[in-house]
Amino acid sequence: MRALILSDIHANLEALQAVLAAAEGQWDEIWNLGDLVGYGASPNQVIEIIRPLETLVVRGNHDRVCCGLTSPNTFNPTARTAANWTRTQLSPENLAWLREMAQGPIHPMLPGVNCVHGSPLDEDSYILTMRDAWAPLQQMSTPITFFGHTHIQGGFSQKDHDWHELRPHNHPANGREAGSFAGDPDLPVSYTVTLSPGTRHLLNPGSVGQPRDRDWRAAFAIFNSEPETDEGQTITFHRVPYDLVASQGRILMAGLPERLAARLREGR
Ligand code: ZN
């Protein structure tokens with residue numbers, strides 16, 4: 001079984017289209033880790049593409065705020081402006097669908113795997129460092145948890161006293177030094193990791209619609225639970241370019257804060 005894992009699409013239609021085109025024919029199910037809306041200018045279009053496709057969806061904090069389940073007062077002014085705008089744009093059907101989204105953790109129909117938005121312990125927590133990952137790695141109910149919320153592709157793994165951080169976007173195989181673009185930043189790139197049995201993993205596919213790891217390309221991952229080799233399950237992290245200018249133009253034309261358009265190119 002191959003799952004296309006998407007997170008933090010944030011109403012970026014062009015990024016979602018590029019991801020679905022790049023992943024075509026490579027997945028059996030879609031697992032969505034939340035934040036379909038907020039920030040970007042295409043909330044209805046994104047929901048209407050995703051709704052018929054996905055088998056599993058976890059609610060994100062922006063989904064909750066944009067449909068009015070929680071107050072936008074905890075958001076910074078830019079995020080709050082975008083959430084209020086999104087709420088005025090959403091169709092009644094899409095608003096109702098957002099309100100029904102389930103809180104993580106959610107188990108797919110596959111043993112040993114869990115899906116959350118923030119952390120397995122708290123849907124709103126950010127797992128940015130090994131320190132943040134430590135308690136969830138010990139306490140999560142399955143060996144593998146897929147998470148989003150940070151908009152940073154990669155993750156954390158632990159086997160007994162051996163633990164490390166995964167940063168595929170800085171991996172030398174991708175032709176880049178840590179923090180800099182040594183390869184061509186405008187081409188697609190992918191990086192596969194074998195998930196050895198007996199190891200616990202927290203894995204983040206990255207953000208489709210608003211990456212924050214200084215790489216503007218849309219991020220996603222494909223989890224393969226039955227690879228052809230016997231070595232173990234695999235996750236392949238992908239980055240694909242998309243029509244950034246069109247996405248930025250929609251944000252500006254909608255009257256959303258300019259910063260939301262500028263940050264897409266900066267990847268942060
Ligand atoms: Zn998000």
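All heavy atoms count here, side chains included; hydrogens, waters and symmetry mates do not. We count ligands from 1, going down the list as the structure has it; atoms in each ligand are counted the same way.
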Legend entry - Identity of the N, O or S atom of Asp8 lying closest to the Zn ion (ligand 1): OD1

Inset, instruction - Could you tell me which N, O or S atom of Asp35 is nearest to the Zn ion (ligand 1)? - result: OD2

Inset, instruction - From the options Arg212, Arg239, Arg167, select the one residue that forms a side chain to side chain donor-acceptor pair (under 3.5 Å) with Gln153. - result: Arg239

Legend entry - Check: Ile50 and Val57 side chains under 4.5 Å, non-hydrogen atoms: no

Inset, instruction - Report yes if some heavy atom in the side chain of Thr70 is under 4.5 Å from a heavy atom in the side chain of Asn61; otherwise report no. - result: no

Legend entry - Sub-6.0 Å ring centroid separation between Phe223 and Trp27: no

Inset, instruction - Kindly report the NE2-the Zn ion (ligand 1)-NE2 angle for His151 and His10 respectively, rounded to 10°. - result: 90°

